[in-house]
Amino acid sequence: MEIRDTYKTLAFPSEEILFKEKSSKFFGFAFPVTSETAIKEILDNLKKQHSSARHWCYAWQIGTEKLQFRANDDGEPSNSAGMPIYGQIQSFEITNVLIVVIRYFGGIKLGVGGLISAYKTAAQMALEASEIIEKTIDIHYIITFDYKNINKVMRIVKEKNLNIIAQTMEDNCIIELATRKKNAETIFEIFNSMFEIEIKTKE
């Protein structure tokens with residue numbers, strides 16, 4: 001069975017898009033995010049920028065293997081805003097993303113069906129205005145060894161094209177490496193079988 005070790009996310013935040021429906025304005029935004037702290041900051045900033053709007057509805061999903069997500073209607077009828085936005089995250093098959101749709105009410109009620117359609121369209125337009133990229137799911141290892149073994153370690157780093165994330169080179173050397181998930185077991189075995197070299201997965 002092939003290990004899936006890639007995921008799709010956004011390269012950078014989208015442009016602000018505007019969708020109009022019966023004199024209501026819907027501003028859509030998409031952001032790459034990896035934490036709830038970042039999500040909260042973005043939402044706070046958007047609320048300041050659009051302080052006279054009526055609703056700030058959003059959906060987000062973070063994680064690559066264990067997914068967390070939330071959809072928020074922010075005062076719109078239940079499931080008429082957050083879930084249609086979240087549906088677009090699923091339909092584009094992306095993660096580590098936040099989509100916010102801000103509504104300025106234009107005086108004409110859209111009804112639940114109209115709202116679902118408007119929020120979905122604004123979310124879709126924000127994603128279409130974004131650059132979607134593919135990233136690998138990486139496993140990080142900590143390798144500890146005496147300085148005299150540095151050549152052995154570096155030879156493998158080079159041969160296997162491993163990314164060095166951090167390193168401390170003293171008598172006792174510590175290197176943090178990253179490798180794609182599908183190569184991780186092989187890399188672990190190689191270092192684990194080497195004399196005087198210790199490897200463990202970074203938590």
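Reckoned from all heavy atoms, side chains included, excluding hydrogens, waters and symmetry mates.
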Next on the checklist: Under the criterion side chain to side chain contact (heavy atoms under 4.5 Å, CB included), I'd like the reasoning laid out for Leu46 against Phe31: C-alpha separation, chi angles, the key distance, then a yes or no.
Outcome noted: CA-CA 12 Å; Leu46 284 174; Phe31 300 89; 3.9 Å; yes
Check: residues 72-85 side-chain donor-acceptor pairs under 3.5 Å, at least two apart:
| from | atom 1 | to | atom 2 | distance (Å) |
| --- | --- | --- | --- | --- |
| Asn72 | OD1 | Asp74 | N | 2.6 |
| Asn72 | ND2 | Tyr58 | OH | 3.1 |
| Asp73 | OD1 | Ala81 | N | 3.1 |
| Asp73 | OD1 | Gly82 | N | 2.8 |
| Asp73 | OD2 | Asn79 | N | 2.7 |
| Asp74 | OD2 | Trp56 | N | 2.6 |
| Glu76 | OE1 | Arg103 | NH1 | 3.3 |
| Glu76 | OE2 | Arg103 | NH1 | 2.9 |
| Glu76 | OE2 | Tyr119 | OH | 2.6 |
| Ser80 | OG | Pro77 | O | 2.7 |

[X] side, atom [atom1]; [Y] side, atom [atom2] - distance, nearest 0.5 Å:
| X | Y | atom1 | atom2 | result |
| --- | --- | --- | --- | --- |
| Leu177 | Ile143 | CG | CD1 | 4.0 Å |
| His140 | Asn163 | NE2 | CG | 8.5 Å |
| Lys40 | Leu98 | NZ | CG | 13.0 Å |
| His55 | Ser24 | NE2 | OG | 8.5 Å |
| Ile133 | Thr6 | CD1 | OG1 | 12.0 Å |
| Thr34 | Ile39 | OG1 | CD1 | 8.5 Å |

If hydrophobic clusters are built by linking Ile, Leu, Val, Met, Phe, Trp and Tyr wherever their side-chain heavy atoms come under 4.5 Å apart, do [X] and [Y] end up in the same one?
| X | Y | answer |
| --- | --- | --- |
| Val101 | Met125 | yes |
| Leu115 | Ile99 | yes |
| Leu127 | Ile62 | no |

Excluding Val112, membership of its hydrophobic cluster (Ile, Leu, Val, Met, Phe, Trp, Tyr; side-chain heavy atoms within less than 4.5 Å) reads Ile116
Going by chain and number, the hydrophobic cluster around Ile174 (ILVMFWY, side chain to side chain under 4.5 Å) further includes Ile142
I would like to know whether Thr136 and Lys181 meet side chain to side chain contact (heavy atoms under 4.5 Å, CB included); could you show each step before the answer?
-> CA-CA 8 Å; Thr136 57; Lys181 188 180 170 187; over 6 Å; no
| Which residues share a side-chain hydrogen bond (donor to acceptor under 3.5 Å, both in side chains) with Asn183, sequence neighbours left out |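 Here no residue qualifies.
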Testing the basics here: between [X] and [Y], what is the closest heavy-atom pair and its distance to 0.1 Å?
| X | Y | answer |
| --- | --- | --- |
| Leu110 | Ala118 | CD1-CB, 4.5 Å |
| Phe26 | Glu21 | CE1-CB, 4.1 Å |
| Ser130 | Ala126 | OG-O, 2.7 Å |
| Ile156 | Leu162 | O-CD1, 4.3 Å |
| Asp138 | Ala178 | CB-CB, 4.3 Å |
| Leu18 | Lys25 | CD1-CB, 3.8 Å |

Please list, one pair per line, the donor and acceptor atoms closer than 3.5 Å that link side chains of residues 7-17 to other protein atoms, with sequence neighbours excluded.
| from | atom 1 | to | atom 2 | distance (Å) |
| --- | --- | --- | --- | --- |
| Thr9 | OG1 | Thr95 | O | 2.8 |
| Thr9 | OG1 | Asn96 | O | 3.3 |
| Ser14 | OG | Ala30 | N | 2.9 |

Open item on the list: Donor-acceptor check, side chain of Thr121 to backbone of Ser117, threshold 3.5 angstrom: yes or no?
Closed with: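 The answer is yes, because a donor-acceptor pair under 3.5 Å joins these two groups.
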So, Asp5 side chain and Arg180 main chain: donor-acceptor pair closer than 3.5 Å or not?
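Flag not set: sc Asp5 to bb Arg180 has no pair under 3.5 Å.
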List the residues meeting ring-ring contact (aromatic ring centres under 6.0 Å, His included) with [X], not counting sequence neighbours, and say none if there are none.
| X | result |
| --- | --- |
| Tyr147 | none |
| Tyr141 | Phe188 |
| Phe105 | none |
| His50 | Phe27, Phe29, Tyr104 |

More than 12 heavy atoms of other groups within 6.0 Å of [X] [atom1]:
| X | atom1 | result |
| --- | --- | --- |
| Gln90 | CD | yes |
| Glu93 | CD | no |
| Lys135 | NZ | no |

For residues 190-203, tabulate all N or O donor-acceptor pairs below 3.5 Å that involve a side-chain atom, not counting sequence neighbours.
| from | atom 1 | to | atom 2 | distance (Å) |
| --- | --- | --- | --- | --- |
| Ser193 | OG | Glu189 | O | 3.1 |
| Ser193 | OG | Ile190 | O | 2.8 |
| Glu196 | OE1 | Lys148 | NZ | 3.4 |
| Glu196 | OE1 | Asn149 | ND2 | 3.2 |
| Glu196 | OE2 | Lys148 | NZ | 3.3 |
| Lys202 | NZ | Glu176 | OE1 | 3.3 |
| Lys202 | NZ | Glu176 | OE2 | 3.4 |

Within the 4.5 Å heavy-atom criterion, are [X] and [Y] side-chain neighbours or not?
| X | Y | answer |
| --- | --- | --- |
| Phe92 | Ile132 | yes |
| Met169 | Ile175 | yes |
| Arg70 | Tyr86 | no |

ask   = Which ring-ring contact (aromatic ring centres under 6.0 Å, His included) pairs, counting each pair once, include a residue from residues 148-187, with sequence neighbours left out?
value =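 Matches after skipping sequence neighbours: none remain.
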Sequence neighbours excluded, the answer for salt bridge (Lys or Arg N to Asp or Glu O under 4.0 Å) partners of Arg54 is none
